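Everything numeric in this text was worked out from a predicted model, so none of it was measured.
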Amino acid sequence: MDNRLRELRDARGWSQGELAERLQVSRQTVNALETGKYDPSLPLAFRIAGLFGAKIEEIFFPAVT
């Protein structure tokens, strides 16, 4: 799954650590999400979408292969 997480985080000037604190996850989790090594659980995807004021499908989308 691809995502716009890094783009959205950068636009707000947040570090991975700051985003992790806001989401109550580890910085390593944020890094894994941004690099596509980890797909979020549905509850985490909802927290991310809520934090950025966006729909889940505006942030996460199927990877182009």
**Study point:** Steps toward side-chain contact (heavy atoms from CB on, under 4.5 Å) verdict (F46, L51)
**Key:** CA-CA 9 Å; F46 273 109; L51 181 63; over 6 Å; no
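- Side-chain heavy atoms closer than 4.5 Å link hydrophobic residues (I, L, V, M, F, W, Y) into clusters, and following such links, even through other members, never connects L8 to F61.
- Contact of the Y38 side chain with the V30 side chain is not registered, since no non-hydrogen atoms from C-beta on lie closer than 4.5 Å.
- Salt-bridge check for E7 with R4: passed, with a basic side-chain N closer than 4.0 Å to an acidic carboxylate O.
- Rounding to the nearest 0.5 Å places CD of E58 at 12.5 Å from CZ of F52.
- In this structure, CZ on R12 lies 9.5 Å from CZ on R22, to the nearest 0.5 angstrom.
- For the residue pair A49 and K55, the shortest heavy atom distance occurs at CB-C, 4.1 Å.
- Residues L42 and I56 meet the side-chain proximity criterion, which asks for heavy atoms closer than 4.5 Å.
- Within the 4.5 Å cutoff, no side-chain heavy atoms of Q16 are placed close to those of L19.
- A distance of 5.0 Å separates CG of L33 from CD1 of I48, quoted to the nearest 0.5 Å.
- A salt bridge is defined here as a Lys NZ or Arg NE, NH1 or NH2 lying under 4.0 Å from an Asp or Glu carboxylate O, and E34 with R9 meets this definition.
- Side-chain atoms of T35 come within 3.5 Å of backbone atoms of N31 as a donor-acceptor pair (strictly under, hydrogens ignored).
- Under a cut-off of 6.0 angstrom, the local environment of CD in Q24 is sparse, with at most 12 non-hydrogen atoms contributed by other residues, nucleotides or ligands.
- In terms of heavy-atom proximity, G17 sits nearest to R27 at N-CG, 3.8 Å.
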